[in-house]
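Below: one structure, written as structure tokens.
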Amino acid sequence: MKIALPKFMTIVLTIIIYIIFIPMYNSVSSDTIRCNDNLIFCLSWIGICCFAICVILWHKLTNKWFELYTIFFAFLCLFMFGQCMMWAIGIHDAQEIGRNNLFRFGKPATEQGIVQAQLLSIMGIMAINCGVVLGYKEREKKIEIQEIACIDKTLKYSVLYQVSLIVCCIATPATFYQIIRSYIINSIYGYGATLYNANVVASQNNIIALLRFAYFPSLVGMIIGSHFRARTIRICYANFLLFSLLSAMAGDRGEWLFPLCILIWIHHEFINRINFRKIIVYSVAALVIIRFSVAIRNVRSSGVSISSLFEAAINEENPVASAFFELGRGMQHSAILSERGWKAYPYGNTYLLGLIGMATERIIFFFIPEYVSLATWYSRDYLGIDYGAGFSIIAEACVNFGPYYGMLMLAFIGVILGRLLFSRSINHEDPLSLFFLIGTTYSVIQAIRNTTLVATKTWFFSTLLIYFVAKILLNYTHRNVIRGER
């Protein structure tokens with residue numbers, strides 16, 4: 001089988017980095033290599049160069065710069081290596097890893113812990129990218145895009161639209177209720193009341209939280225199901241814009257940023273291609289959004305209001321750098337666990353538990369009565385805090401398999417993602433396949449700075465739910481059509 005040159009180069013580069021990674025990580029862990037600011041600076045630039053090469057080789061392989069995988073890869077690098085990107089150009093922040101205390105431990109990460117986390121982030125991102133490239137498959141030239149026999153494409157669009165509309169009508173009020181509730185509480189007590197206060201967190205309705213999972217995928221389903229009808233697009237865009245504004249006012253830290261990027265990709269790919277002039281306009285808009293998102297971070301602890309938000313936005317010196325430091329904290333979990341040991345989670349493999357418990361964790365409790373999810377265990381038992389600290393896709397792989405075999409697991413995950421989500425062999429002309437692709441990508445991005453269980457729950461109660469209901473209704477309607485013809 002002939003292997004494309006960009007794919008071959010990606011595999012070779014990743015193998016070389018892995019060969020270097022193993023002895024270097026081992027030497028850092030055993031204090032054989034002296035860790036200092038110069039080494040941290042060098043690793044920051046090494047990571048940037050490696051990631052840039054990955055993007056260039058992906059472009060050579062697919063002949064595209066902007067697609068779902070590049071969105072996923074950009075947020076993977078941002079969440080796992082964002083602070084290092086700022087360190088590479090000499091920018092630092094008082095709240096960065098290495099200066100700010102790590103939760104209950106009462107002290108910042110050591111230089112050794114930071115170097116270990118950098119090595120894990122570089123190798124982990126490279127492993128995922130290599131896996132995606134390995135799993136990537138071009139559409140065979142002999143196969144033309146055809147509909148499944150005897151199923152009308154118009155019926156597919158109609159069913160997807162109707163199911164998504166019903167879900168959206170249920171999920172939207174629940175989502176906006178939760179946002180408005182957060183805004184009221186944050187305005188009175190400060191941002192910590194909704195995320196860092198145990199009583200407030202415990203009072204949140206689980207059903208509403210589950211319904212919120214389906215909010216964005218239902219908008220995507222409506223847009224695709226309407227066959228990109230202009231009226232539906234305007235309604236969905238207005239809905240999402242209001243959601244983003246209210247989320248920002250409630251002190252949201254950016255959960256709407258990557259869905260926004262996905263919507264921009266949908267618009268570019270299927271509605272109206274974005275030209276250079278629009279890129280300039282969107283870049284300016286992005287800078288404004290970043291400035292206000294950082295302003296939200298700065299005022300959320302004392303209460304978010306319109307006046308305080310504008311004042312903080314005006315006084316903010318470097319909003320882009322601050323956004324990188326805010327969003328690039330995912331590396332801190334690797335630093336914490338590297339210094340204190342990986343083999344601490346006592347309830348089994350979190351990937352299997354995430355698959356088993358995606359519908360309900362009661363199934364897990366039946367077999368493991370003392371079970372605690374990875375996110376809860378990490379925040380409550382390991383860190384000793386009463387709010388969610390998040391997690392990361394790289395740290396979870398290392399918790400399950402250690403820092404060396406964990407990289408192989410990340411490569412395997414990349415192969416699955418490359419084959420199921422990011423290959424050209426996927427039929428973009430089929431509305432259900434396209435919806436499944438976009439909705440699953442949305443859920444996968446959730447796992448970058450969280451756990452597999454959170455991602456699978458998001459996927460199950462949003463994309464999978466809408467997809468299977470649409471499939472069932474499609475088959476039922478199709479059988480009735482055939483019976484009517486007889």
Side-chain angles (χ1 to χ4, degrees), residues 3-28 33 35 37-62 64-67 69-91 97 114-136 324 327-335 338 392-395 397-398 403-404 406-415 417-418 422 445 448-449:
I3 300 178
L5 181 60
K7 181 178 289 192
F8 175 76
M9 292 176 64
T10 300
I11 296 170
V12 171
L13 176 63
T14 306
I15 292 174
I16 293 172
I17 293 175
Y18 186 64
I19 292 173
I20 298 172
F21 162 77
I22 293 176
M24 187 169 183
Y25 185 86
N26 186 53
S27 298
V28 171
I33 294 179
C35 301
D37 291 340
N38 291 331
L39 180 57
I40 293 172
F41 177 80
C42 290
L43 287 175
S44 298
W45 272 110
I46 290 172
I48 292 173
C49 293
C50 288
F51 305 153
I53 293 172
C54 288
V55 173
I56 293 171
L57 290 176
W58 178 262
H59 171 67
K60 295 291 184 181
L61 181 66
T62 64
K64 283 195 173 184
W65 289 108
F66 184 46
E67 55 183 347
Y69 177 64
T70 52
I71 294 174
F72 168 80
F73 187 77
F75 279 98
L76 178 65
C77 295
L78 177 61
F79 291 153
M80 295 295 101
F81 210 71
Q83 295 198 6
C84 300
M85 295 177 183
M86 294 296 99
W87 298 343
I89 55 177
I91 299 176
I97 303 169
I114 293 174
V115 170
Q116 288 174 312
Q118 284 183 302
L119 291 172
L120 289 170
S121 291
I122 294 171
M123 188 64 248
I125 293 171
M126 293 295 295
I128 294 172
N129 177 75
C130 181
V132 171
V133 171
L134 278 172
Y136 177 82
F324 270 79
L327 297 174
R329 292 179 177 175
M331 197 177 70
Q332 68 179 339
H333 308 299
S334 298
S338 291
S392 78
I393 188 173
I394 295 174
C398 295
Y404 305 125
M407 299 302 109
L408 301 180
M409 183 63 197
L410 290 173
F412 177 71
I413 292 173
V415 171
L417 296 179
F422 305 127
I445 295 177
I448 294 176
R449 57 175 182 174

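Computed from a prediction, not measured in an experiment: that's the story for all the values here. Position 1 is the first residue of the sequence; numbering continues from there.
To the nearest 0.5 Å, atom CE of residue M331 and atom CZ of residue F81 are 7.0 Å apart. Summarising the geometry, atom OH belonging to Y136 is positioned 5.5 Å from atom OG1 belonging to T62; distances are rounded to the nearest 0.5 Å. Taken from CG in L76 to CG in L410, the straight-line distance is 9.0 Å, to the nearest 0.5 Å. If you take CD1 on I393 and CE on M409, they are separated by 9.5 Å, rounding to the nearest 0.5 Å. We find the OH-CD1 distance between Y69 and I128 to be 8.0 Å, quoted to the nearest 0.5 Å. Of the inter-residue distances, the one linking M9 atom CE with C54 atom SG reads 11.0 Å to the nearest 0.5 angstrom.
Looking only at side-chain heavy atoms (C-beta outward), Y404 and C398 stay at 4.5 Å or farther from each other. When side chains are defined from C-beta on, L120 counts as touching F21, because their heavy atoms get closer than 4.5 Å. The side-chain heavy atoms of M80 and S392, taken from C-beta on, include a pair separated by under 4.5 Å. The shortest distance between side-chain heavy atoms of I445 and I71 falls below 4.5 Å. Between M86 and Q83, the closest side-chain pair of non-hydrogen atoms is not below 4.5 Å. Residues I448 and F72 form a side-chain contact, since some pair of their non-hydrogen atoms from C-beta on lies under 4.5 Å apart. Using a 4.5 Å cut-off on side-chain heavy atoms (C-beta onward), W65 and V55 make contact.
By the side chain to side chain contact (heavy atoms under 4.5 Å, CB included) test, I33 is found to be paired with M24, S27, V28, L39, residues two or more places apart in sequence or in another chain being considered. Partners of T70 according to the side chain to side chain contact (heavy atoms under 4.5 Å, CB included) rule, which considers only residues two or more places apart in sequence or in another chain, are W58, F66, E67. Applying the side chain to side chain contact (heavy atoms under 4.5 Å, CB included) criterion to C77, with sequence neighbours excluded, gives F51, F73, M85, I125. In this view, I17 and L13, C50, M123, M126 satisfy the side chain to side chain contact (heavy atoms under 4.5 Å, CB included) rule, not counting sequence neighbours.
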Worked verdict on Y25 versus V115 for side chain to side chain contact (heavy atoms under 4.5 Å, CB included): CA-CA 9 Å; Y25 185 86; V115 170; over 6 Å; no
Full working for side chain to side chain contact (heavy atoms under 4.5 Å, CB included) between I394 and H333: CA-CA 9 Å; I394 295 174; H333 308 299; over 6 Å; no
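Checked by atom type and distance alone, the side chain of K7 never pairs as donor or acceptor with a backbone atom of C130 at under 3.5 Å.
Residue pairs meeting the side-chain hydrogen bond (donor to acceptor under 3.5 Å, both in side chains) criterion with at least one partner in residues 8-19, sequence neighbours excluded, do not occur; the list is empty.
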Could you pull out every donor-acceptor pair under 3.5 Å between side chains of residues 40-49 and any protein atom, sequence neighbours left out?
residue, atom, partner, partner atom, Å
S44, OG, I40, O, 2.8
S44, OG, C84, O, 3.4
S44, OG, Q118, NE2, 3.1
W45, NE1, A88, O, 2.8

